[in-house]
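Position 1 is the first residue of the sequence; numbering continues from there.
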Amino acid sequence: MMQELIRFAKEYGTIRNISLGVKASNKNAIILYEKFGFQKIGLHKNYFNVNGSFDDEILMDLYI
């Protein structure tokens with residue numbers, strides 16, 4: 001699905017950036033996004049609260 005989104009963005013021509021947020025503890029997802037070319041650009045401290053357990057959100061961008 002991510003490949004299709006990136007392909008569409010490149011083909012469409014006016015999309016210049018794809019942004020996403022991911023839980024900092026989700027290391028596998030972060031590695032996957034980096035393989036697609038996403039870069040870490042920021043952080044929201046304690047953004048996620050799951051059953052009283054807080055986790056940061058890593059913000060990532062892919063510049064087309």
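- Once rounded to the nearest 0.5 Å, the distance linking NZ of K27 with CG of L32 reads 15.0 Å.
- Residues Y63 and I41 approach most closely at OH-CG2, 3.8 Å, considering heavy atoms.
- With values rounded to the nearest 0.5 angstrom, D55 atom CG is found 12.5 Å from Y47 atom OH.
- With rounding to the nearest 0.5 Å, the separation of CG in L62 from CD in Q39 is 8.0 Å.
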Legend entry - Stepwise side-chain contact (heavy atoms from CB on, under 4.5 Å) check, M2 with L20: CA-CA 11 Å; M2 184 62 71; L20 61 83; 4.2 Å; yes
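- Minimum heavy-atom separation, A24 to I30: O-CD1, 3.7 Å.
- Under the 4.5 Å side-chain criterion, counting only non-hydrogen atoms from C-beta, I18 is in contact with I6.
- The distance from the CG atom of L43 to the CE atom of M60 is 12.0 Å, given to the nearest 0.5 Å.
- Separating the OH atom in Y12 from the CD1 atom in I64 is a distance of 14.0 Å, to the nearest 0.5 Å.
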Inset, instruction - List the steps and the verdict of side chain to side chain donor-acceptor pair (under 3.5 Å) for S19 and N17. - result: CA-CA 6 Å; S19 298; N17 186 42; 3.2 Å; yes
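- In this structure the side chain of E4 never reaches within 4.5 angstrom of the side chain of M1, judged on heavy atoms.
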Inset, instruction - Take Q3 and F36 through the side-chain contact (heavy atoms from CB on, under 4.5 Å) test and state the conclusion after the steps. - result: CA-CA 8 Å; Q3 276 181 309; F36 279 107; 3.5 Å; yes
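- Closest non-hydrogen pair, F8 versus I15, comes out as CE2-CD1, 4.0 Å.
- Between the side chain of N46 and the main chain of D56, no donor-acceptor pair closer than 3.5 Å is present.
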